[in-house]
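Take a look at the structure below.
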There are 2 protein chains.
Amino acid sequence: MKDNGIKKCEEKCALQEILGVIGGKWSMSIIYALFNGKKRFSELERLIPNINTRMLVKELKNMEANGIVSRKIFATVPPTVEYTLTTKGEKLEPSINELYKWGLEYVG
Amino acid sequence: MKDNGIKKCEEKCALQEILGVIGGKWSMSIIYALFNGKKRFSELERLIPNINTRMLVKELKNMEANGIVSRKIFATVPPTVEYTLTTKGEKLEPSINELYKWGLEYVG
DNA sequence: TGTAACCACTTTCAAAAGTAAAGTATTGGG
DNA sequence: CCCAATACTTTACTTTTGAAAGTGGTTACA
């Protein structure tokens, strides 16, 4: 078997797995919004243009399940829910910044 | 107006724009496969597990339109088509590597 | 007293995106 | 003559996403 320099299912599937966690259309925008501190649900809705409630809920749930954000509920009136990045989530900052830098140079 | 540290539509929409270009489910895997040199259509199909023909065609077309890959046709029989990264595409290497590094530490 | 607004969602239904599988055109080899 | 290889295209179907309205509890305003 010729070696083309790619280990098919170790490297490539890893990427697919990563994208399963943060590759959704909105995940990175949400993570980006959380880099400068905790946010409430409605704040995120306002900060992320064009996201809809349903998708924000879904992505937040997915990210919570994947240990990227954590959710804290306060029994206030009206109810308060705070979303924060976990350490795992914070560690995405260099990746997203690199992507962002690329975008500044090549997109728009 | 309180400044929460995010310029809503300058920074956030930029990320959305970037993801419009390389945020598709398969884009990064294709780019990753092209980092070590040009590949033919069928090679890409074999290298990227679970992608289907229709999606590979679509993503390649999209990336070509966005100046990330270039396509060269050779009038051989059977036909040969080579896909390469443009400079713009190659410049994504640090971003994808950062993401990959994060994945190694935190995913799987 | 009514009514409007805030918050954090949930529900519903249509539209868009993705998947699977088969088909197309060309030609060289057994 | 049939099969294989290449680079797609087409069709039919499933899944995901989007837009919009609704829920339930409370408080502020007139």
Side-chain angles (χ1 to χ4, degrees), chain A residues 1-2 4 12-13 15-31 33-34 37-66 69-84, chain B residues 1-2 4 12-13 15-31 33-34 37-66 69-84:
Chain A
M1 184 170 126
K2 226 195 295 184
N4 54 21
K12 297 308 267 324
C13 288
L15 244 187
Q16 279 302 114
E17 233 185 303
I18 293 166
L19 295 174
V21 177
I22 53 152
K25 183 172 176 189
W26 300 103
S27 307
M28 288 204 201
S29 298
I30 296 169
I31 294 167
L34 289 173
K38 64 189 175 196
K39 297 273 177 298
R40 301 180 60 175
F41 186 87
S42 51
E43 288 183 282
L44 288 172
E45 268 192 303
R46 280 188 291 262
L47 284 170
I48 302 165
N50 304 322
I51 199 171
N52 63 51
T53 319
R54 191 176 156 286
M55 277 297 112
L56 183 54
V57 172
K58 270 193 83 173
E59 297 270 27
L60 284 170
K61 267 185 192 155
N62 180 46
M63 288 173 157
E64 201 194 349
N66 283 300
V69 305
S70 71
R71 185 173 179 274
K72 268 164 226 156
I73 322 153
F74 300 91
T76 55
V77 167
T80 304
V81 181
E82 270 178 16
Y83 293 92
T84 336
Chain B
M1 185 170 128
K2 228 195 295 183
N4 55 20
K12 298 306 272 323
C13 287
L15 247 185
Q16 277 305 113
E17 235 186 300
I18 293 166
L19 295 174
V21 177
I22 53 151
K25 184 171 176 186
W26 299 103
S27 306
M28 288 207 200
S29 297
I30 297 170
I31 294 167
L34 290 172
K38 63 187 175 200
K39 297 273 178 297
R40 302 180 57 176
F41 186 87
S42 51
E43 288 183 282
L44 288 172
E45 267 191 304
R46 282 188 290 264
L47 284 169
I48 302 166
N50 305 320
I51 200 170
N52 64 53
T53 317
R54 193 172 158 284
M55 276 299 111
L56 184 53
V57 173
K58 271 191 81 172
E59 296 272 25
L60 284 170
K61 266 184 193 154
N62 180 47
M63 288 173 158
E64 201 194 349
N66 283 299
V69 305
S70 73
R71 185 172 179 274
K72 270 164 224 155
I73 321 153
F74 300 90
T76 55
V77 168
T80 303
V81 182
E82 270 178 15
Y83 293 93
T84 336

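On a predicted model such as this, the values are computed, not experimentally measured, just so you know. All chains are named by letter (A, B, ...) in the order of the sequence lines, taking the proteins before the strands, and each is independently numbered beginning at 1.
- Close to D:dG18, at under 4.0 Å from its OP1 or OP2, lies a side-chain N or O of A:Trp26.
- Nearer to the 5' terminus of DNA chain D, by closest-nucleotide assignment, is the contact made by B:Arg40 (compared with the other of B:Arg40 and A:Asn50).
- The side chain of A:Arg46 lies closest to C:dC7, out of D:dG18, C:dC7, C:dT19.
- Under the side chain to side chain donor-acceptor pair (under 3.5 Å) test applied with A:Tyr83, the options A:Arg71, A:Lys38, A:Lys72 reduce to a single match, A:Arg71.
- Here D:dA20 presents its C1' atom at 13 Å from CD of A:Glu45, a figure rounded to the nearest Å.
- For the pair A:Lys61 NZ and C:dT11 C1', the computed distance is 12 Å after rounding to whole Å.
- Note that NZ of A:Lys58 and CG of A:Asn52 are 10.5 Å apart. Values are rounded to the nearest 0.5 Å.
- Rounding to whole angstrom units, CD of residue B:Glu59 and P of D:dC8 are separated by 15 Å.
- The residue A:Tyr83 sits close only to the backbone: its heavy atoms come under 4.0 Å of sugar-phosphate atoms, none of a base.
- Phosphate proximity of D:dT9 to B:Lys58: absent, as no side-chain N or O sits under 4.0 Å from OP1 or OP2.
- Remark: A:Lys39 NZ to A:Ile30 CD1 distance equals 13.0 Å, nearest 0.5 Å.
- A distance of 11.5 Å separates OG of A:Ser27 from CG of B:Leu15, quoted to the nearest 0.5 Å.
- For the pair A:Arg71 and C:dC9, the criterion of a side-chain N or O lying under 4.0 Å from OP1 or OP2 is met.
- When the nucleotides C:dC7, D:dA7, C:dA20 are ranked by their closest atom to the side chain of A:Ser42, C:dC7 comes out on top.
- Look at CD1 on B:Ile48: it is 14 Å from P on C:dG18, rounded to the nearest Å.
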So which protein N/O to nucleotides 21-26 of chain C N/O distances come out below 3.5 Å?
none

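- In this structure, A:Leu60 CG and A:Trp26 CH2 are separated by 13.0 Å, a value rounded to the nearest 0.5 Å.
- The nearest whole Å value for the distance from the CZ atom in A:Phe41 to the P atom in C:dA8 is 8 Å.
- Of all heavy-atom pairs between B:Thr84 and B:Leu34, the closest is C-CD1, 4.5 Å.
- Counting to the nearest Å, the C1' atom of D:dT17 and the CD1 atom of A:Ile30 are 14 Å from each other.
- With rounding to the nearest 0.5 Å, the separation of CZ in B:Arg40 from CG in B:Leu47 is 13.0 Å.
- Among the protein residues, A:Thr80 comes within range of the sugar-phosphate backbone only, with heavy atoms under 4.0 Å from sugar or phosphate atoms but none that close to a base.
- Counting to the nearest Å, the P atom of D:dC8 and the CG atom of B:Leu44 are 10 Å from each other.
- Taking atom CD1 of A:Ile51 as the reference point, atom C1' of D:dT17 lies 11 Å away to the nearest angstrom.
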